[in-house]
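Worksheet for the structure shown next.
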Amino acid sequence: MRAFFVGEDNPIGRTHPSTRIGLLVLACMAPLLVNSWPPMAALLAFYLMAAIATGAWRSLLRVKSLIVVFLVMSTGLWTFFKPLPGTPLLTIGPITATVESLLFGVAMGMRVLSFLALALIFLGTTRVEDIGYGLERLGVPYRLAFALSLSFRLTPLFLESAEQIAAAQKVRGLDLNEGGLVEKARRHVAIVVPVLISALRRADGLALALESKGFGAGHKRTSLVAHPVTRRDGLALSLLVTINLAALAYRWL
Amino acid sequence: MDEATNLSPGNAPAVHFENLTFTYKRADGPALADVNLRIESGRFVGLIGRNGAGKSTLARCVNGIVPKFVKGKLDGRVSVLGRDVARETVARMTPSVGIVFQDFETQIFSTGLMREIAFVMENLGRPRDEMREAVERWVDRLDLRDLLGREPSTLSGGQKQRLALASILAAEPPILVLDEPTTDLDPISAAELLAALKALAHSGRTILFITHELDFLRDADEIAVLDQGRLVAHGAADAVLGDGPLLERHGLVAPALSRLAARLRLPRAPRDVDDAEALIRQAGYDGHPENLADIDARNPPLGDTVLSVSGVRFGYRPEAPVLEGVDLSVPAGMALAILGQNGSGKTTLMRNLVGIVEPWDGEIVVDGRDVASMSAAQRATRIGMVFQNPDHQIFCASAAEEVAFGVRQVGVAEEAIDERVAEALAFVGLSDEADADPFSMDKGRRKKLALASVLACRPKVILLDEPTTGLDVLEQEAMMNLLLSLCASGHAVIFITHHVELAMRYAREIRVMHEGRLRAIDNTDFADGELMAATRLTPPPMAELSRRFGYPTARFDELLMLLGAEDE
């Protein structure tokens, strides 16, 4: 997950972590309030601008094949399986796709893409420690907030040990690209077993490592990094509230 | 010395073990047996003993990890600054006790260095200004400033160990327990750590320091020796380190200068190299340089070049090259040690040599073939690498299967596999344990098993990344003697180590990784202060002493020959 982190020195990264969690929730709400393509396109355009401003667009580029799959699937499925009355476009067997259903499909595709962009912006601007901190400040108990962030924390370490293990087996002559499907699966055992054992050992040692570092000592926790709440936070939240109100207004009008 | 436990009576001792016995669940015997040890505040205490003697178990009793996280039966009492540890949680002991594990990687879980260092203080609710100041101070003391922008999981082993140390030391608790904290550190980093610890002891902190390298304990106040769970000696550091027979009885090896004094029958153990030189000259040893020829004759003959590396450049990111033109030529029969600062690229070089990563430029030829042109199986029969952590490769249910795995990958006929396996296990001395579960073996044997599984493919060139970390002195000697016998049978052996004395004792040639290149060094280079500072090496006492007498060697046995010591 750390792989998606791009930096905090940008308009979103400079907000308070709790604000960022609030922004994420509000930003995800807006696309759920509308289901026609013009407002969805406007929202997506706005989120893509945010992705550019924060640098998270690079992560989006890295998952571009995923994006294409999402768009094609979403558009295709909705077009054919949510037949809306209107101008006929194409008939396959009993199903008639209309221009309206195509546009609805496009809107749904953009909704999924919005969520993806928001997730990458959030992970791109927020360290896992700050996710925990932000949740805690919102009233989530610290232990729970920390546990939620723990899987994110351990991912890079886990990947690193998997990489080491794969290298060690390769040196012993293991070639993962050789052989048929069954043979390949069999060869992966040489990597999966040590990875699992090292992960289990790590999980086993985690609780005592954390407690040895005073986790759960019962003190009021402090934070090395200051997260001041500024006017920026109010502005950002107001902007997103406004966007949601606009989305609601569009829906009812 | 057994009675010397009461060194500073008065207030409650920093740590007090009373009649402490602990038996791990399902273990045959106790890991700790009736240990009574009283450690006063402000003392720097070394804790030594063979692997399996109970050092780590004792260390983990100080903050209650044993028995709270470890199944087993504990009798007796542990108190810290007058508090009964049994009545506290591990977390509540943190303001009093900081502990760095032998397996320090498990203690790192932040996404940034500064946050990792502050984590303990955050949990203890320290004010931000105080934390900032402490973090800055320890970033400098343990030389982490240049690494601040890095993600912890990308650090080298020694860099991670420094981070783990900083993350515990920064809170400056009154009691610090450090379980083999120098295993991955280059000599200067180790010296910096010791200086920082001494300063902490001076300010009233108590240090419990577990190590296999007795030279680090020269300035300790006291040393306690464990053997099979029993406290067998406890006294002033000088007295314990100077008592060769005591150390030997418990499977330990006295520091080189003390051993030298014993072999030369000097009147007492020297304090340092100056003292040793004076004592040796007083005793009338004038040297036998003619023995140099005998020494050269002892080395096995070297064969043809089996590994040739030229102009290798490599980095993990285009803007940050790690290797900037490595050249190396290694003949069969060679034992070559690679030293170098933490993060200098030693492991990265090995990863290039065995084809885990591909160099940007340059050529690596093993046994006449370009590494890049071979399949994984072809490479494995020519060049093998034993990783630092044996657990990164072990996955089979028995030792024999583990060794057979690699042999099968390289396409050895099924009927020949058993023979290869038996041969490799015999070579490392694990024949009797062919059916044993590798995960129940101790670390020394797991390392030997990892070596056997690489040897079974019969590579001409064998690379080892830190083959002796985590091993006690006798295990280290056993491992290094295995490597020398490989050389004698015509293999080329290249090993990475931070242990300069070990390199000088066992390697025929030494290279140091510096600024992305390999540089050959010999004993005269150890007098070059600038070079030593730049490469973060410190000459071991034997090298220094040998140079005083004008000899090129730094090996204990060779220096004895040159000085004309009588045989044992």
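So that the names make sense, note that chain A is the first sequence line, chain B the second, and so on, each numbered from 1.
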_Under a 4.5 Å cutoff for heavy-atom pairs, which residue among Asp130(A), Leu206(A), Asp175(A) has the most contacts with chain B?_
Asp130(A)
*With chain B, which of Val193(A), Ile165(A), Ile197(A), Leu196(A) has the greatest number of heavy-atom pairs at distances under 4.5 Å?*
Ile165(A)
*Side chain from CB out, backbone as N, CA, C, O: work out which of these in Tyr133(A) comes under 4.5 Å of a heavy atom of chain B, or both, or neither.*
neither
*Do the charged groups of Glu116(B) and Lys213(A) touch, with an N to O distance under 4.0 Å?*
yes
*asked:* Less than 4.0 angstrom from a charged side-chain N to a carboxylate O is my criterion; do Glu163(A) and Arg351(B) meet it?
replied: yes
*Go through the steps to decide whether Leu210(A) and Phe109(B) satisfy the test side-chain contact (heavy atoms from CB on, under 4.5 Å), and finish with yes or no.*
CA-CA 9 Å; Leu210(A) 281 170; Phe109(B) 23 67; 3.3 Å; yes
Find the distance between [atom1] ([X]) and [atom2] ([Y]) and round it off to the nearest 0.5 Å.
X	Y	atom1	atom2	value
Phe215(A)	Leu124(B)	CZ	CG	12.5 Å
Glu160(A)	Leu155(B)	CD	CG	9.5 Å
Met385(B)	Arg172(A)	CE	CZ	13.5 Å

*Polar contact flag, side-chain donor to acceptor under 3.5 angstrom, Thr222(A)-Arg126(B)*: no
_Checking Ser212(A) against Gln107(B): is there a side-chain donor and acceptor pair closer than 3.5 Å?_
no
_Tell me if a side-chain donor or acceptor on Arg115(B) pairs with a main-chain N or O of Leu224(A) at a distance below 3.5 Å._
no
*Does any N or O in the side chain of Thr106(B) come within less than 3.5 Å of the main-chain N or O of Ala209(A), such that one atom is a donor and the other an acceptor?*
no
*Could you check Phe387(B) against Val171(A) for side-chain contact (heavy atoms from CB on, under 4.5 Å), going step by step and ending with a plain yes or no?*
CA-CA 10 Å; Phe387(B) 284 61; Val171(A) 167; 4.1 Å; yes
Heavy-atom distance under 4.5 Å between the side chains of [X] and [Y], does that happen here?
X	Y	value
Leu208(A)	Phe101(B)	yes
Glu129(A)	Phe119(B)	no
Ser198(A)	His392(B)	no

*Tell me, out of Ser453(B), Pro173(B), Ala171(B), Cys457(B), who's got the most heavy-atom pairs with chain A below 4.5 Å.*
Ser453(B)
*What is the minimum heavy-atom distance between Gln169(A) and Gln393(B), and which atoms define it?*
NE2-O, 2.9 Å
